[in-house]
There are 2 protein chains.
Amino acid sequence: MNIGEAGKLSGLSPDTIRFYEKRGLILSTKRDEKGHRYYAENDVGWLGMLACLRGTGMPLAETEAFTRLVQEGDHTVPERIKLLEGHRERLEQKRAELDRFEKHLDEKIAYYNDFVKTEEKKKAQ
Amino acid sequence: MNIGEAGKLSGLSPDTIRFYEKRGLILSTKRDEKGHRYYAENDVGWLGMLACLRGTGMPLAETEAFTRLVQEGDHTVPERIKLLEGHRERLEQKRAELDRFEKHLDEKIAYYNDFVKTEEKKKAQ
DNA sequence: TCTTGACCTAGAGTTGCTCCAACACCCTAT
DNA sequence: ATAGGGTGTTGGAGCAACTCTAGGTCAAGA
């Protein structure tokens with residue numbers, strides 16, 4: 001499949017895929033006779049993994065490190081686990097922070113809603 | 001209090017506070033006789049609000065719009081509610097996406113763990 | 001006295017995209 | 001046949017939101 005479709009399925013834009021390719025994050029990029037990139041099913045799976053790492057806030061340098069481990073073969077699986085588990089942990093913390101911020105946001109909205117209600121009461125008097 | 005302390009309490013770095021000030025996001029910045037910024041209790045509250053908006057992914061342009069509403073006075077409260085509720089909704093979607101990614105990540109880790117276990121069994125034979 | 005540390009400024013550098021110009025190719029409609 | 005539209009290609013510019021650096025002021029402590 002072409003880059004547009006691969007992008008739609010994986011959640012990365014064609015621009016991002018090309019950018020990742022330059023950075024060495026794409027495991028396999030073949031070209032057809034016109035010079036257009038094309039991707040197989042499991043290439044798209046990898047793109048989806050990249051989208052997942054990006055979406056969970058992994059820095060590109062670390063995604064690069066992970067990619068290199070994948071390229072080196074099966075014996076790096078334990079290292080990959082370590083890397084992903086470290087990432088998972090940070091994610092956990094980010095989520096906790098997000099929870100606090102969301103609560104803060106909700107409180108602000110509640111405060112504003114109260115304010116409006118009080119104003120309306122004043123006017124009604 | 002000075003910018004360092006205000007930063008620590010609000011969760012923004014002094015650099016970020018100065019950067020926000022240039023962008024017009026700081027409601028009040030007074031200086032002492034040495035030209036150093038100082039902040040009162042409720043200035044820090046506002047900085048905390050900015051940290052919250054940033055931490056929940058609001059674009060700076062929108063934070064600027066919100067700041068302008070706050071500066072215009074109480075009659076903009078309904079608009080502020082609309083803005084924050086729109087933001088809240090996007091946040092909800094981002095969180096749903098994050099959940100999917102986290103699940104994906106966990107599945108990958110589980111897959112790798114399985115892989116290692118299977119390898120160990122093979123060796124043991 | 002001197003050095004450590006916190007502040008100041010303007011501006012450069014970084015990350016991770018995202019968009020643009022300029023071109024190639026193929027399909028369809030006129 | 002050719003004009004338009006949609007897809008792809010490249011290199012490089014532009015952008016958001018910081019983050020860091022250089023070069024400076026000032027006050028306090030060893």
Side-chain angles (χ1 to χ4, degrees), chain A residues 1-26 28-40 43-44 46-67 87 90-91 94 97-98 101, chain B residues 1-26 28-40 43-44 46-67 87 90-91 94 97-98 101:
Chain A
M1 95 192 49
N2 62 22
I3 198 170
E5 241 175 307
K8 243 168 250 167
L9 289 184
S10 66
L12 298 174
S13 78
D15 268 328
T16 301
I17 294 174
R18 285 188 282 256
F19 169 69
Y20 280 2
E21 192 186 311
K22 271 184 210 162
R23 295 284 303 257
L25 298 180
I26 307 297
S28 138
T29 312
K30 285 164 192 152
R31 305 292 187 111
D32 64 15
E33 69 286 347
K34 292 170 227 152
H36 291 195
R37 293 165 180 83
Y38 67 90
Y39 302 92
D43 296 332
V44 174
W46 175 247
L47 294 179
M49 184 69 203
L50 291 178
C52 167
L53 296 178
R54 170 176 81 166
T56 50
M58 180 180 283
L60 233 57
E62 203 170 318
T63 308
E64 265 175 50
F66 182 66
T67 305
H87 179 53
R90 274 184 323 198
L91 188 54
K94 245 188 60 182
E97 196 193 46
L98 194 62
F101 282 144
Chain B
M1 98 193 44
N2 63 21
I3 197 169
E5 241 175 306
K8 244 169 252 169
L9 290 184
S10 66
L12 297 173
S13 76
D15 268 329
T16 300
I17 295 174
R18 285 189 281 257
F19 169 70
Y20 280 2
E21 192 187 310
K22 273 187 207 157
R23 294 284 303 259
L25 296 180
I26 307 296
S28 137
T29 313
K30 285 164 189 151
R31 306 290 189 112
D32 64 15
E33 68 287 343
K34 293 172 228 151
H36 291 194
R37 294 165 180 81
Y38 67 90
Y39 303 91
D43 297 331
V44 174
W46 175 247
L47 294 179
M49 185 70 203
L50 291 177
C52 167
L53 296 178
R54 171 176 81 165
T56 50
M58 181 181 283
L60 232 59
E62 203 170 319
T63 308
E64 264 175 51
F66 182 67
T67 306
H87 179 55
R90 272 184 324 198
L91 187 55
K94 244 188 61 183
E97 197 192 45
L98 194 63
F101 282 142

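Proteins get letters first, then strands, A, B, ... in listed order; numbering begins at 1 in each.
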For Ile17(B) and Tyr39(B) the tightest heavy-atom approach is CG2-OH, 3.4 Å

Taking all non-hydrogen atoms of both residues, which atom of Gly4(A) and which atom of Pro14(A) are closest, and how far apart?
CA-CG, 4.3 Å

Which of these, Leu47(A), Thr67(A), Leu25(A), sits in a side-chain contact (heavy atoms from CB on, under 4.5 Å) with Tyr20(A)?
Leu25(A)

In terms of heavy-atom contacts, Arg37(B) and Thr29(B) come closest through CG-CG2, 3.5 Å

Indicate the atoms forming the closest heavy-atom contact of Thr16(B) with Leu12(B), along with that distance.
CG2-CD2, 4.1 Å

Are His36(B) and Asn2(B) close enough that some pair of their side-chain heavy atoms sits under 4.5 Å apart?
no

Distance in angstrom units between Asp32(B) CG and dA27(D) P, rounded:
10 Å

Would you say the side chain of Arg54(B) lies within less than 4.5 Å of the side chain of Thr63(B), judging by non-hydrogen atoms?
no

Below 4.5 Å, heavy atoms only, C-beta onward: do His87(A) and Phe66(A) meet side chain to side chain?
no

Considering non-hydrogen atoms only, spot the tightest contact between Gly48(A) and Ser10(A) and give its length.
N-CB, 3.8 Å

Restricting to nitrogen or oxygen on both sides, can you table the protein-nucleotides 16-21 of chain D pairs closer than 3.5 Å?
from	atom 1	to	atom 2	distance (Å)
dA17(D)	OP1	Leu60(B)	N	2.9
dA17(D)	OP2	Leu60(B)	N	3.3
dC18(D)	OP1	Arg54(B)	NH1	3.0
dC18(D)	OP2	Tyr20(B)	OH	2.6

Could you pull out the closest heavy-atom pair between Phe19(A) and Leu60(A), with the gap in Å?
CE2-CD2, 3.6 Å

With a 4.0 angstrom cut-off to heavy atoms of chain A, pull out the first and last contacting nucleotide of DNA chain C, in 5'-to-3' order.
dG16(C) to dC19(C)

Pairwise N/O distances under 3.5 Å, protein to nucleotides 4-7 of chain D:
none

